[in-house]
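Okay, structure first, notes after.
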There are 2 protein chains.
Amino acid sequence: MPTPARSVAEPAADPAAPSAERPSKHEDRREQLAESALVTLGTLGYAKTSLREIAQRSPFSHGVVHYYFSSKEELITSCVRHYKRTCVTRYDEIVASSTTAAELQSRFAEKLAGTIREEGPMHQLWYDLRNQSMFEPALREVVLEIDGQLEQMIWRVVSRYAELAGRAPSVDSSTCYGMLDGLFAQSLLAWATGPDTEREHVLSVLTARVHTLMPSLLG
Amino acid sequence: MPTPARSVAEPAADPAAPSAERPSKHEDRREQLAESALVTLGTLGYAKTSLREIAQRSPFSHGVVHYYFSSKEELITSCVRHYKRTCVTRYDEIVASSTTAAELQSRFAEKLAGTIREEGPMHQLWYDLRNQSMFEPALREVVLEIDGQLEQMIWRVVSRYAELAGRAPSVDSSTCYGMLDGLFAQSLLAWATGPDTEREHVLSVLTARVHTLMPSLLG
DNA sequence: AGATTTTCTTGACAGTCGTCAAGACGTGCG
DNA sequence: CGCACGTCTTGACGACTGTCAAGAAAATCT
């Protein structure tokens with residue numbers, strides 16, 4: 001019998017590598033397809049992304065998707081987890097190596113803007129999926145999980161910022177995340193829908209706003 | 001010749017009412033369909049809403065849509081403008097009739113939560129469409145227009161709030177909107193995806209957060 | 001009343017979607 | 001080599017989409 005798509009994603013019994021050699025071919029291909037899917041989703045949006053489009057932007061044909069994934073739903077959630085792995089620690093290096101509150105604030109604000117510049121479509125996808133989860137229960141679990149991790153990521157920044165400033169945060173983790181995320185999403189929208197000539201300006205405005213907001217997060 | 005769908009929406013030359021009688025039948029039906037479309041869109045989301053679904057939740061059959069609207073795109077943008085008309089002045093009565101800063105703050109925070117409770121799906125739709133505008137240029141114009149009006153609506157609240165407090169706002173209009181919108185969207189997400197038993201709690205948390213945020217908007 | 005126009009339904013079209021089955025290609029084992 | 005297995009392509013299916021045309025039904029006018 002052939003080896004149909006696997007359900008979850010653990011390196012357990014892999015049909016291609018009985019000797020547990022390396023990142024088994026299977027897992028490799030899965031990630032390759034997930035990568036291709038991420039790019040397509042980020043460009044076209046969740047609503048207009050078909051499996052054929054995803055495959056067309058990969059070295060494979062449309063049928064192969066169902067060889068590695070049991071359904072579109074599994075591919076999408078696999079993608080999102082793949083994306084998560086690379087993104088929820090984005091500011092940890094800054095948190096770890098900054099030595100003053102001012103430095104942390106500066107580098108954080110700068111990186112926040114930079115991540116829009118360099119990974120805009122990926123963030124568009126994230127907000128798209130987060131919204132879709134309000135209509136599609138299948139997405140809720142993975143979305144809420146990542147949302148929680150993003151909140152923790154922001155909280156690591158803010159609490160370290162407070163520590164370096166010798167003060168205590170004046171608002172809780174969730175509120176911090178809500179406000180910063182609001183400003184971020186607002187800038188992303190302007191960045192994505194505005195003219196190219198305005199893009200850098202939008203980012204510098206975001207940086208400035210983060211600079212004015214952060215001090216007010218301390219008690 | 002039959003009278004095919006009209007393009008924009010002005011009470012100009014209406015084929016059904018040559019004598020300019022009342023909200024011409026044409027306009028009535030258009031609004032009726034727009035209303036049905038809004039409900040469907042709010043329930044199913046933009047991605048999964050078809051013209052047949054919209055018609056099925058109205059007293060008409062699917063073919064009638066193209067009699068009143070030239071395309072799906074025109075129906076959608078018509079809907080959104082219809083929605084806008086009823087929503088961008090939502091807090092104006094509170095702004096006009098509150099006599100102290102504390103009263104304005106309380107009533108605003110309460111209404112903010114109440115509008116999720118009473119029109120949750122409609123807000124879900126708004127965030128959905130706003131996100132789609134990042135992928136679909138056809139939505140950008142109407143989305144940016146409404147977004148600007150929402151910002152102004154919030155600014156009317158905040159600047160009146162400052163005035164009543166005898167102080168000046170410490171942040172600009174756009175930043176206010178970004179932060180409050182972030183908190184609002186966060187609560188909406190929790191409200192929409194969480195269990196029914198948590199809904200009221202989510203709303204009271206939002207109210208509390210608005211109460212802590214607003215004073216910090218004053219200089 | 002009949003004639004005419006407006007309104008609405010029905011059914012079809014070309015296209016796309018997720019899914020799956022049948023088989024071709026390639027590689028490594030016995 | 002031949003055979004078996006993992007991999008991938010091709011082509012098809014039923015369902016669904018936006019769009020439109022033809023005509024039935026209803027309203028209006030003369």
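Just the heavy atoms: all of them, side chains too, but no hydrogens, waters or symmetry mates, feed the values below. In what follows, chains carry the letters A, B, and so on, assigned in the order in which the sequence lines appear, proteins first and then strands, with residues in each chain numbered from 1.
- Shown here are the salt bridge (charged side-chain N to carboxylate O under 4.0 Å, His left out) partners of B/E151, two or more places apart in sequence or in another chain: there are none.
- Taking A/Y91 as the reference, nothing meets the side-chain hydrogen bond (donor to acceptor under 3.5 Å, both in side chains) condition, with sequence neighbours excluded.
- With distances taken from any side-chain atom of A/S50 to the nucleotides C/dC17, D/dT7, D/dT17, the minimum falls on C/dC17.
- For the side-chain hydrogen bond (donor to acceptor under 3.5 Å, both in side chains) test, residues two or more places apart in sequence or in another chain that qualify with B/T175 are A/R209, B/D172.
- In this structure, B/Y68 does not reach the C/dT7 phosphate: none of its side-chain N or O atoms is under 4.0 Å from OP1 or OP2.
- Distance, A/E74 CD to C/dT19 P: 11 Å, rounded to whole Å.
- The separation between A/F69 atom CZ and D/dT7 atom P is 14 Å, rounded to whole Å.
- The side-chain contact (heavy atoms from CB on, under 4.5 Å) search around B/A185 returns B/Y127, not counting sequence neighbours.
- Distances shorter than 4.0 Å separate none of the side-chain N or O atoms of B/R29 from OP1 or OP2 on C/dT6.
- Between A/Y67 and D/dT7, a side-chain N or O to OP1/OP2 separation shorter than 4.0 Å is present.
- When distances are taken from the side chain of A/V64 to each of D/dG18, C/dG18, D/dT9, the shortest belongs to D/dT9.
- Within residues 51-62 of chain A, the residues that have a heavy atom under 4.0 Å from DNA chain C are, in order of number, A/L51, A/R52, A/H62.
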Show the atom names and distances, to 0.1 Å, of all donor-acceptor pairs under 3.5 Å that link a side chain in residues 111-120 of chain B to residues at least two apart or in another chain.
unit_1 : atom_1 : unit_2 : atom_2 : d
B/T115 : OG1    : B/R90  : NE     : 3.1
B/T115 : OG1    : B/H123 : NE2    : 3.0
B/R117 : NH1    : B/E200 : OE1    : 2.7
B/R117 : NH1    : B/E200 : OE2    : 2.9
B/E119 : OE2    : B/R90  : NH2    : 2.9

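- Using a cutoff of 4.0 Å between basic side-chain nitrogens and carboxylate oxygens, A/R30 and A/E35 are not scored as salt-bridged.
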